[in-house]
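All chains are named by letter (A, B, ...) in the order of the sequence lines, taking the proteins before the strands, and each is independently numbered beginning at 1.
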Number of protein chains: 2
Amino acid sequence: MKNESSTVENYIKTIYSLCDKNGKTTVSAVAERLQNNPASVSNMVRRLHEKGLLENKSKLILSKEGNLLARQLIRKHRLWETFLVRVLNFKWEEVHDIAEQLEHVHSPLLTERLPVFLKYPKFDPHGDPIPDKKGNLPDLNAIPLTEAEVDQLYIFRSVATDKSDFLNYLNKKGLQLGQKWKVTEKEEFDGSVKLLIDENREVYFSETVAQNF
Amino acid sequence: MKNESSTVENYIKTIYSLCDKNGKTTVSAVAERLQNNPASVSNMVRRLHEKGLLENKSKLILSKEGNLLARQLIRKHRLWETFLVRVLNFKWEEVHDIAEQLEHVHSPLLTERLPVFLKYPKFDPHGDPIPDKKGNLPDLNAIPLTEAEVDQLYIFRSVATDKSDFLNYLNKKGLQLGQKWKVTEKEEFDGSVKLLIDENREVYFSETVAQNF
DNA sequence: GTAAAATTTTAGATTAATCTAAATTATGAA
DNA sequence: TTCATAATTTAGATTAATCTAAAATTTTAC
Ligand SMILES: [Mn+2]
Ligand SMILES: [Mn+2]
Ligand SMILES: [Mn+2]
Ligand SMILES: [Mn+2]
């Protein structure tokens, strides 16, 4: 695995996260996500293909190598987030932006020793699965809140985004991983839900929030 | 303190480390150290001055701000080296290159919490002093081996370089910080010395090695 | 005090990564 | 099918960071 620039690495991560079930995405989706101009993305797509990170010259499908690179970056990102929370006592809403930088530090030795020290964590502080060395993801075995059945009991396993504004909102509402909850009411007209948390506390979520839970 | 690029930060660190007692250095010295062309350095000097990091347009003297930036980078570098050795069980010859990358991670929160976790270390794994938040350096109170008097007892406090080839050489000879030593013989014609380590082991050092000890 | 040598700066190019504007190509609705 | 709209690519510029070659300046040596 060659040492790519942070820019190239961020493109690969973005493409990976935007790929649909057929493993592909579009120039405009990548441009939108990175807040770059489509022309810049188009230009980068050519370069990524030249580097062998994309399957096809114009299709925006990651090659085997590109896919592995993406998973290794996600692995590093989530290991660093885990480290920051567990070792340096960061809160879950504080770690993402720092991990965005730390994931680009190139050191096989460090990438090997960090998980040893952390005792091979399977999930990061947001409940996201940490790929192993070879890029295999542990099974999260979870469903999104929007698909939860009324009155069925669930456990809060992960959040769909680790952006700090959303996590701060959850903090304010007293929501944490590991809590038990069930949907007690579901409003069809606006997609909002009423939850019972730990059998003793009621919370209302808008559809927007529910989609990230 | 603005977020400068890693390139700018490395120039500032280099200038800081090359400055003489008058606080200045030269284009050619910086070019030599960074293995860059003098023309590139000349161009960067102009930019550094525009950023307010150099006192003078052509003199290569750090401004107050440039000086503080250099010390903060050295602080981060040495804190990360300490972390890698103490927490992740790295050896002293393994940490420098990784710290060269980690020192460029921008996060006031991380820079604040890392030393808290490490209990405010004063010296890094190579015995180098760690500047405090404001850039003040603790006093090392040490003399170089080349200035040691014969038969006077000393304690091994720091190494003058943390390049891995030199540290591997010291490892091979069984040298570690904290050991007691004295010079038993000094050869005038080639500058080599004979040392007695921990009162029980003799080691011969060439002048080249002695200068980094 | 000149002249050679060393040092520094300028001029012009290159590469990665971005932009805007324009041209091209693909999609899809009538 | 055809034409309007959307998506993508091309063309041309810009900025940071580098280079080589040449010009200018400073230092050193005689
Ligand atoms: Mn994250
Ligand atoms: Mn995460
Ligand atoms: Mn170091
Ligand atoms: Mn050190």
Side-chain angles (χ1 to χ4, degrees), chain A residues 1-16 18-20 22-62 66 69-70 73 100-101 103-106, chain B residues 1-16 18-20 22-62 66 69-70 73 100-101 103-106:
Chain A
M1 197 70 52
K2 272 195 306 297
N3 275 25
E4 306 292 353
S5 70
S6 302
T7 308
V8 165
E9 291 185 342
N10 282 332
Y11 268 95
I12 292 299
K13 271 209 317 169
T14 300
I15 292 166
Y16 178 88
L18 288 173
C19 278
D20 57 23
N22 307 312
K24 63 185 169 194
T25 184
T26 63
V27 167
S28 48
V30 174
E32 162 74 17
R33 175 69 66 88
L34 291 175
Q35 292 288 287
N36 276 355
N37 193 287
S40 309
V41 175
S42 195
N43 185 55
M44 181 58 91
V45 164
R46 184 183 40 72
R47 283 180 49 214
L48 294 177
H49 181 252
E50 283 164 10
K51 285 171 182 289
L53 296 168
L54 296 181
E55 214 32 73
N56 196 289
K57 192 157 51 159
S58 53
K59 274 290 177 54
L60 264 176
I61 300 171
L62 289 176
L69 175 57
L73 287 164
E100 283 293 309
Q101 297 178 65
E103 73 191 13
H104 302 294
V105 171
H106 295 289
Chain B
M1 197 71 51
K2 272 195 307 296
N3 276 24
E4 306 292 352
S5 70
S6 301
T7 308
V8 166
E9 290 185 342
N10 282 332
Y11 267 94
I12 292 299
K13 271 209 316 169
T14 301
I15 293 166
Y16 178 88
L18 288 172
C19 277
D20 58 22
N22 307 312
K24 63 184 170 195
T25 183
T26 62
V27 166
S28 49
V30 174
E32 163 74 18
R33 174 70 66 88
L34 290 176
Q35 293 288 284
N36 276 355
N37 194 287
S40 309
V41 176
S42 194
N43 186 55
M44 181 58 92
V45 164
R46 184 183 40 72
R47 284 180 46 213
L48 295 177
H49 180 252
E50 283 164 11
K51 286 172 181 290
L53 296 168
L54 296 181
E55 216 27 76
N56 196 288
K57 191 156 51 156
S58 52
K59 274 289 176 56
L60 264 177
I61 300 170
L62 289 176
L69 175 56
L73 287 164
E100 283 292 309
Q101 296 179 64
E103 73 192 12
H104 302 295
V105 170
H106 294 290

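Which of D:dA21, C:dT18, D:dT9 sits closest to the side chain of A:Asn43 comes down to C:dT18. Comparing D:dC19, C:dT9, D:dT9 by their nearest atom to the side chain of A:Val27 picks out D:dT9. Out of C:dT8, C:dC19, D:dA21, the shortest distance to the side chain of A:Ser40 is found at C:dC19. Of the candidates C:dT20, C:dT18, C:dT10, the closest approach to any side-chain atom of A:Tyr11 belongs to C:dT18. With C:dT8, D:dA21, D:dT8 as the candidates, the nucleotide lying closest to the side chain of B:Thr26 is C:dT8.
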Can you give each donor-acceptor pair under 3.5 Å made by side-chain atoms of residues 52-60 of chain B, sequence neighbours left out, with the distance rounded to 0.1 Å?
residue: B:Asn56; atom: OD1; partner: B:Ser58; partner atom: N; Å: 3.1

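Residue-level contact check: B:Thr7 touches the backbone only, with heavy atoms under 4.0 Å from sugar-phosphate atoms and none from bases.
Using a 4.0 Å cut-off on heavy atoms, the residues of residues 28-35 of chain B that approach DNA chain C are B:Ser28, listed by number. Contacts with DNA chain D (heavy atom under 4.0 Å) in residues 48-57 of chain A: none are found.
Using a 4.5 Å cut-off on side-chain heavy atoms (C-beta onward), B:Lys13 and B:Leu69 make no contact. Looking only at side-chain heavy atoms (C-beta outward), B:Val30 and B:Ile15 come within less than 4.5 Å of each other. A 4.5 Å side-chain heavy-atom check between B:Asn36 and B:Met44 finds every atom pair outside the cut-off. In this structure, the side chains of B:Ser40 and B:Asn43 stay at 4.5 Å or more apart for every pair of heavy atoms. The shortest side-chain heavy-atom distance between B:His106 and B:Glu9 falls under the 4.5 Å cut-off. Within the 4.5 Å cutoff, no side-chain heavy atoms of B:Val8 are placed close to those of B:Lys2.
At whole-Å resolution of the value, CG in B:Asn10 and P in D:dA16 are 17 Å apart. The CG atom of B:Asn37 sits 14 Å away from the P atom of D:dA22 (whole-angstrom rounding). Remark: P of D:dT18 and CZ of B:Arg46 are 13 Å apart, rounded to the nearest angstrom. Atom CE of A:Met44 and atom C1' of D:dT9 are 16 Å apart (whole Å). A:Asn36 has its CG atom 14 Å from the C1' atom of C:dT20, to the nearest Å.
Among all heavy-atom pairs drawn from B:Tyr11 and B:Leu48, the shortest one is CB-CD1, 4.1 Å. In this structure, A:Thr25 and A:Ala29 approach most closely via the heavy-atom pair OG1-CB, 3.6 Å.
Within the structure, a side-chain polar atom (N or O) of A:Ser42 is placed less than 4.0 Å from OP1 or OP2 of D:dT9.
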